[in-house]
Number of protein chains: 2
Amino acid sequence: MRTVMTQLPNTPTSADVARLAGVSRATVSYVLNNAGTVRISEPTRRRVREAARELGYVPHAAARSLRAGHSRMVLMPAPSIPVGPLYGAFINELQWALGRLDYTVVQYGSGGLEGDEAARAWAELRPVAVLVPGAGLGPAGVQVLKRSGVRAVVTLGPGRVDGAHALLMDHDAVGHRAGRHLYERGRRRIGVVMPAEAGLDAFSRPRLAGVRQALRGTDATATELPLRYTEEDAGRLAGRWRESGLDAVFAYNDEYAMLLLRALQDEGLDVPGDVAVIGADDLMLGRLLRPRLSTVHIELPSGRCLAELVDRAVRDPAAEPEVHQVLGATVVRRESS
Amino acid sequence: MRTVMTQLPNTPTSADVARLAGVSRATVSYVLNNAGTVRISEPTRRRVREAARELGYVPHAAARSLRAGHSRMVLMPAPSIPVGPLYGAFINELQWALGRLDYTVVQYGSGGLEGDEAARAWAELRPVAVLVPGAGLGPAGVQVLKRSGVRAVVTLGPGRVDGAHALLMDHDAVGHRAGRHLYERGRRRIGVVMPAEAGLDAFSRPRLAGVRQALRGTDATATELPLRYTEEDAGRLAGRWRESGLDAVFAYNDEYAMLLLRALQDEGLDVPGDVAVIGADDLMLGRLLRPRLSTVHIELPSGRCLAELVDRAVRDPAAEPEVHQVLGATVVRRESS
DNA sequence: TTGAAAGCGGTACCAG
DNA sequence: CTGGTACCGCTTTCAA
C-alpha cells in the first residue's frame, strides 16, 4: 500500500526523450551533443530536440562524467573568513576566465574540515583541478587529490607544497615595503598591528616578519601590537600609545589602519607628526581620511593568467610544477606617513 | 601503439580495494559505509579498511549519488559582483549551519549565464536544494530545477517567485527608513545616490523607491544622483551640489556615503549643517569619519534559520512555499544627519 | 542512419 | 557473514 501524498515530478532521462521521439537513447545522445562523427537526419534531430524540450530534459552531469571518466570542474574551497574586495574581485575574474576556457568553477563550502581532511572531501567530487588559497594543504593532501585523478593542484599562498603548482603570495614583501618606507621616513620605533581575529595570522605573521627583515641591521625596532577590530580595543591601544614611545605603525591593512588612526587622533596625537601610520590593500576608503592614509598597494595576478596556468597544467599533468611569484607590493605614500 | 609518456596514477576503485582485501565489492561498501543491516566480521572489516587506506581509496561522489538517486548538495550561484562583509558573513554562517545538518554547500561559478539559463546548468548537478540570491530566477527556472529533482528552491531577494520559497529582503525598507529619518530631521530636498556600477541596481532601485514612498504625500522631493565609485566622480557631484539645492542625501550604502561625504567637505559644505548624509550597512569604518556617519543598519536572517528552512523544505518538498520577511532595517543616527 | 549493448563506480537486494 | 548481480543515466563503439 503506497500512499503517494505528493506527486513529485519524475525527472526525465534520455530514455524518456528517446521513447517520446521514437528513437533510441544513442540517437538522443548524438543529437543533443551534436556528435560530429555520426550523421543523423534532420527530421530525427528535430523530433529529438522537440521531445527534450517538451519534457524539460536536463542531462545528468554525474552520469555523464562517470561515463566520460573526467569532468571540467575546477574546485576551490570557499573562503571561511569574510574576504576583502581585492580577493573577491580576483575570484570573480578567475571564475570568468576559467569559464571562457570551458571549465566550471565550484566553491566548496568545507564546513569545518581542515587541510588534508578537506582534501579527501574535495577528491570525492573528482574535479579536474583544485585551487587552494592559503596554507593548510600539505603534501599528503596533494597526493590524495592526485591519486583521485585531479590533474592540477595549484596553491595560492605563502609557500609551495610538494607536487603542486604554486602561486606564491609573498606577504613578507608587504611588511618589508612598509617597514622600509617607515624607516626611510626617519621612524625608528615601529609598531606592527596584529589582528586578534582568527584566521588572519596566516597573513599577519608574514607581514610582521617582513617588517622585521626590513629593519634588520638597523637601530630600529618592531613591536607587535595585538588589536581586535573594535573601537574599544583601538581606544585601549591608543590610550597607551604615549608611554609606548612608538613613532610609527604598520597597521596590517587599511581597515585596521583607519580604525587605529581615528583612535590615535582622538587621543590628541598628531598623524603623521607624532606617529606615522601606514596600512595595506589600497582601499578606496583610505584616501578619504584626513590625513589621507598611506598604504601598501597589493597587486594580485590576473584571473586570466591563473586560468591559463590551470589549463596548461590540466593538459599536461606530468609537467614540472610551476612556481610563480605573483604578489606585487608597492608603497603608496599619501599623508599619514 | 600506445606511448604512455606519463604514468598517471590509476585512481583506485572499490573493486581494487575488494581485490586487495580479498573480498567482494559489496563487502567493501558495507564496511566503509558502516552499514547497519549487515554484520561483517571484525577481521574482515580490518582487512578492508587497511586495503582502502593503503590504496588511498576515495569514493566517487558522482557514482554514489547516481546510484542513490539523490545527493545532499545545496547549490548557490557564486556572487558575480564583489560582495560586502555583511553578505559574506551571512554566506559563511549559512555554509556552516548547513554543514551541521550534513549538507554540502557548493557555490557555482555561473560564468556569464543568466537567470533561467543558469538554472539549467545548476540542474545538471542534481542538487537537493538551490538557494538563489537576488532576482533573475523566473518561474520557468524554478520549474526546470524542480523537474530535475531539486527538492527545495529558495530565493533571497526582493520578490517571490512561483513555486519557490522566498526570503524577502525588502530593500525598499532600507530606503524608506532613510527617507523618513531625513524628513524627520527637517530635510526636504533629498538626493539619492544611484551607483553607476553594474549589478547594483537590483538593490539601488528598491532603495530609491523606498525613499520615494517615505516622502509620498509630503512637500519633500527625492532626486536621483548617479555616482561612480571614484573620487573624481564624487568631486564632480559635490561640485554641483550648491546649485542643486539639495539639503540631504541617502548615499545607497556607507561606502558611497563616505566617498561623497569627503567630497562635500572638500567643497566647503558643512555636514550635517548644509547637507545631511546617511548611508546603509552600518560598516565599522563609517563610525570613524568626522562627523560619524549615520547609517541604516541592516539585519540579515541568521544562517541557522535559513539552514533550517532548507532542511524543512527538503524533507517535505510538497509543502506550501514559505515566505518570510527577513530584512530588518533600523536607522542608526550618528553625527552626519 | 539507427539500435543494441557494454560499462563508468557504487549500493543494496537476494542467495548461499 | 559474504558474494553475485542488477541497476542508476549516459556515452560510445560495433553491427545492422
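Each chain gets a letter, A, B and so on, in the order the sequences are listed, and its residues count up from 1.
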Expressed as a whole number of angstroms, how long is the span from B/N34:CG to C/dG10:P?
16 Å

Are any of B/S24's side-chain N or O atoms less than 4.0 Å away from OP1 or OP2 of D/dG3?
yes

Any A/Y30 side-chain N or O less than 4.0 Å from OP1/OP2 of D/dT13
no

Presence of A/T44 side-chain N/O under 4.0 Å of C/dT1 phosphate oxygens OP1/OP2
no

So B/V23, base contact, sugar-phosphate only, or nothing? Heavy-atom distance under 4.0 Å.
sugar-phosphate

DNA chain D nearest-nucleotide lookup for B/R126 and B/R39: closer to the 5′ end is B/R39

Toward the 5' end of DNA chain C, which comes first, B/T13 or A/I40, by nearest nucleotide?
A/I40

Salt-bridge criterion met for A/E308 and A/R304 (N-O under 4.0 Å):
yes

Ignoring the backbone of B/A26, work out which of D/dG3, D/dA6, D/dG9 is nearest its side chain.
D/dG3

Please report, rounded to the nearest Å, how far the P atom of C/dA12 is from the CZ atom of B/R25.
13 Å

Looking at A/R47 and A/E50, is there a salt bridge between them, counting it only when a charged N and a carboxylate O are closer than 4.0 Å?
no

To the nearest angstrom, how far is B/R19 atom CZ from D/dG4 atom P?
13 Å

For the pair made of CD in B/E124 and C1' in D/dC8, what is the distance, rounded to whole Å?
17 Å

Establish, with yes or no, whether the OP1 or OP2 oxygen of C/dG3 is under 4.0 angstrom from a side-chain nitrogen or oxygen of A/T27.
yes

Can a side chain N or O of B/S14 be found less than 4.0 Å away from OP1 or OP2 on C/dG10?
yes

Rounded distance in Å - CG (A/L66) to C1' (C/dG7):
9 Å

Taking B/D311 first and then B/R315, would you say they form a salt bridge - that is, a charged N and a carboxylate O separated by under 4.0 Å?
yes

Side-chain N or O of B/R64 closer than 4.0 Å to phosphate OP1/OP2 of C/dT11:
yes

To the nearest angstrom, how far is B/H60 atom NE2 from C/dG7 atom P?
18 Å

Check whether more than 12 heavy atoms from other residues, nucleotides or ligands sit under 6.0 Å from atom CD of A/Q325, and answer yes or no.
yes

Hey, does the side chain of B/N33 come within less than 4.0 Å of C/dG10's phosphate (OP1/OP2), counting only N and O?
no

Quick check on B/R312: does its CZ atom have over 12 non-hydrogen neighbours (other residues, nucleotides or ligands) under 6.0 Å away?
yes

Are any of B/S29's side-chain N or O atoms less than 4.0 Å away from OP1 or OP2 of C/dT11?
yes

Separation of D/dG9 atom C1' from B/H70 atom NE2, nearest Å, is 16 Å

Just the rounded figure in Å: distance from P of D/dT13 to CZ of A/R67.
8 Å

Phosphate OP1/OP2 of D/dT2 contacted by B/S41 side-chain N/O (<4.0 Å):
yes

Taking the six-membered ring of B/W122, is the NZ or CZ of B/R120 close enough (under 6.0 Å from the centre) and on axis enough (within 45°)?
no

Between B/S65 and C/dG10, does any side-chain N or O lie under 4.0 Å from OP1 or OP2?
no

5' priority, DNA chain D, between A/V28 and B/A68 [closest heavy atom]
B/A68

